[in-house]
Protein chains: 2
Amino acid sequence: MAATTGKTTGAAGRGSTGRRERLRAETTAEIKSAALELMATGGPDAITLRAIAREMGMTANAIYGYFATRDELVTTLINDVYTALADAVDAAWESSAAAHPAVRISAWAHAFRAWALTNPEGFRLVYGDPVPGYRAPEGGAAPDAARRTCTGLAALAAAAWPHARQHYADSDFAWSDFDPGLLDKIRPAFPDLPPAGVALALRLWGHLHGLVSLEIYGHLRGQLAHPDKLFEEELNQLVRTLGIPRPA
Amino acid sequence: MAATTGKTTGAAGRGSTGRRERLRAETTAEIKSAALELMATGGPDAITLRAIAREMGMTANAIYGYFATRDELVTTLINDVYTALADAVDAAWESSAAAHPAVRISAWAHAFRAWALTNPEGFRLVYGDPVPGYRAPEGGAAPDAARRTCTGLAALAAAAWPHARQHYADSDFAWSDFDPGLLDKIRPAFPDLPPAGVALALRLWGHLHGLVSLEIYGHLRGQLAHPDKLFEEELNQLVRTLGIPRPA
DNA sequence: TGTCAAAACTATACGCCGTGAAGTTTAGAT
DNA sequence: ATCTAAACTTCACGGCGTATAGTTTTGACA
């Protein structure tokens with residue numbers, strides 16, 4: 001059978017057809033959860049079809065009924081995990097909606113790092129080389145989740161923009177410097193954010209990603225004792241360089 | 001034989017003993033260069049003992065005469081590659097010794113990014129998950145090269161410090177926040193750099209690493225057209241936030 | 001209710017991988 | 001000339017992704 005088979009042939013009129021589909025969905029979910037469990041235990045490398053099958057009491061080949069290749073499974077996992085990350089930072093942003101911009105930005109960044117520290121293997125899966133020979137499909141593994149994250153960052157930039165704009169007067173970014181698909185999301189949501197503000201969002205992403213990445217991959221371990229403190233300093237300086245006045 | 005055998009038993013008095021050692025060194029070098037070639041072609045994943053042996057017209061097991069395990073070989077490669085990176089940024093720093101701090105910092109950062117773009121697989125090897133099941137040894141794979149890079153970053157911070165120090169008045173870092181081994185290198189070289197300056201160096205590392213990392217791993221690809229421009233903006237803003245006056 | 005096609009799953013096999021054990025060739029040392 | 005150890009090969013094991021072919025199960029329809 002082809003793994004791309006999404007539906008049974010007959011239109012789902014009878015309850016029995018629904019049963020097949022339900023079982024199928026359950027098995028798919030079990031495969032994914034087994035894979036995530038393996039990842040949490042032994043890192044992304046531990047995600048192997050044979051190990052998943054072993055965990056499920058199945059043959060490795062049975063998985064091919066649900067995912068065409070291992071890479072397709074990994075891509076699905078990346079999507080799920082990246083979406084979870086996007087959910088986490090979005091939640092932090094939303095739940096601090098009433099707070100001072102400095103506090104909201106800090107909340108977003110802390111949620112980002114906290115998620116990464118809680119799910120280091122997930123972070124590696126999403127942002128690193130996920131798994132031995134994995135090659136991401138055309139357009140990236142999780143374009144939607146990546147877009148959501150970028151849009152979230154644009155929200156940070158937009159919140160800071162009234163204070164920050166003065167520092168970006170001689171930035172010469174144009175809308176054409178960015179991907180149209182990204183702008184489709186950002187421009188309607190933040191009509192006051194100019195191209196230079198989008199660039200700021202991406203730079204911000206780089207800063208946070210870099211610090212968290214160095215920490216997760218252990219490159220900070222031999223240099224300083226408390227990465228928390230460095231991250232805190234980063235956020236303080238971020239607020240300063242954005243020109244946001246400290247809350248009262 | 002044990003792979004850890006570094007010397008032949010007899011002290012190297014005779015020329016013939018030297019011959020053995022020379023052949024050994026040549027073979028070791030050939031293994032490493034074959035591995036690097038494979039990496040450049042097919043990414044870190046392509047570094048397999050069997051492929052290296054194939055390339056050399058040998059058996060895979062013969063490599064065990066030179067490296068105890070695949071991981072030991074990979075660790076050696078990481079060291080070599082990381083050292084090459086450290087050499088590249090050091091060279092950029094030294095060769096701009098007479099220039100304005102803003103120019104020197106920019107030169108360092110450009111050298112860092114240029115090296116990464118020229119050797120993307122090397123960047124992944126050093127900073128990512130190098131190879132399928134690889135686990136770095138105690139204390140990291142390339143502690144010396146990492147230290148050199150950190151020290152180089154401290155030089156940037158030290159060059160900026162006369163201008164930047166005013167912004168870090170309320171940073172409460174202490175020497176005890178950092179690894180003594182790192183400070184042994186940094187404090188003698190930059191006696192005027194306080195703890196907050198070291199923290200600045202590490203943050204700077206995070207910023208640059210993050211942007212380059214996002215670019216190398218393709219996360220920027222779907223968002224903007226010219227990563228160069230973003231990096232340039234990063235450097236402009238970096239100089240601004242450090243409070244360094246623009247050169248004349 | 002019996003029949004049948006398709007879905008779900010297993011069995012076998014191939015070529016990769018790292019690595020251990022044992023055997024063979026080669027070359028420096030005495 | 002002989003001996004020893006280094007260098008290298010052969011064979012083997014278990015793990016991996018995955019292609020092919022065969023088997024069992026099950027929902028659909030006459």
Side-chain angles (χ1 to χ4, degrees), chain A residues 1-28 30-31 35 38 42 44-75 130-135, chain B residues 1-28 30-31 35 38 42 44-54 56-74 130-135:
Chain A
M1 65 169 285
T4 46
T5 302
K7 297 181 171 190
T8 21
T9 43
R14 310 293 306 226
S16 43
T17 299
R19 187 182 119 84
R20 264 252 240 248
E21 285 179 0
R22 202 191 64 235
L23 284 177
R24 185 176 179 78
E26 281 172 3
T27 305
T28 305
E30 194 185 345
I31 292 171
L38 284 165
D45 292 347
I47 303 174
T48 69
L49 297 183
R50 295 180 120 105
I52 294 167
R54 222 175 290 131
E55 198 115 322
M56 295 177 65
M58 282 175 42
T59 304
N61 272 337
I63 298 177
Y64 283 95
Y66 299 87
F67 298 93
T69 64
R70 184 206 53 159
D71 279 15
E72 190 182 299
L73 167 59
V74 171
T75 298
V131 130
Y134 178 78
R135 284 288 137 220
Chain B
M1 67 168 284
T4 47
T5 302
K7 296 182 172 191
T8 21
T9 44
R14 309 296 304 230
S16 43
T17 299
R19 188 182 118 84
R20 267 251 238 234
E21 285 179 1
R22 203 192 64 235
L23 285 178
R24 188 177 176 76
E26 280 172 5
T27 305
T28 306
E30 193 185 343
I31 291 171
L38 284 164
D45 293 346
I47 302 175
T48 69
L49 298 184
R50 295 180 121 106
I52 293 167
R54 223 176 289 130
M56 295 176 64
M58 282 174 43
T59 304
N61 272 338
I63 298 177
Y64 283 96
Y66 299 87
F67 298 93
T69 65
R70 184 206 53 159
D71 279 16
E72 190 181 297
L73 167 59
V74 171
V131 128
Y134 178 77
R135 282 289 137 223

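A, B, ... follow the sequence lines: proteins, then strands. Residue 1 opens every chain.
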(message) Donor-acceptor pair, distance only, cut-off 3.5 Å: does the side chain of B/Thr48 make one with the backbone of B/Ala51?
(response) yes
Quickly work out the [X] [atom1] to [N] [atom2] distance and round it to whole Å.
X       : N      : atom1 : atom2 : value
B/Leu23 : C/dT26 : CG    : P     : 15 Å
A/Ile47 : D/dG15 : CD1   : C1'   : 17 Å
B/Asn61 : D/dC11 : CG    : P     : 13 Å
A/Met58 : C/dA11 : CE    : C1'   : 14 Å
A/Asp71 : D/dT18 : CG    : C1'   : 12 Å
B/Glu21 : C/dG28 : CD    : P     : 12 Å
B/Leu49 : D/dG15 : CG    : C1'   : 15 Å
B/Arg50 : D/dC13 : CZ    : C1'   : 11 Å

(message) Of the listed nucleotides (D/dT18, C/dC9, D/dT9), which one gets closest to any side-chain atom of A/Ala62?
(response) C/dC9
With a 4.0 Å limit, can you tell me whether [X] has a side-chain N or O closer than that to the phosphate oxygens OP1/OP2 of [N]?
X       : N      : answer
B/Tyr66 : D/dC8  : yes
B/Arg24 : D/dA7  : yes
A/Arg54 : D/dG14 : no
A/Thr48 : D/dC16 : yes

(message) Restricting to non-hydrogen atoms, name the atom on B/Ala60 and the atom on B/Arg50 that form the minimum distance, rounded to 0.1 Å.
(response) CB-CG, 3.8 Å
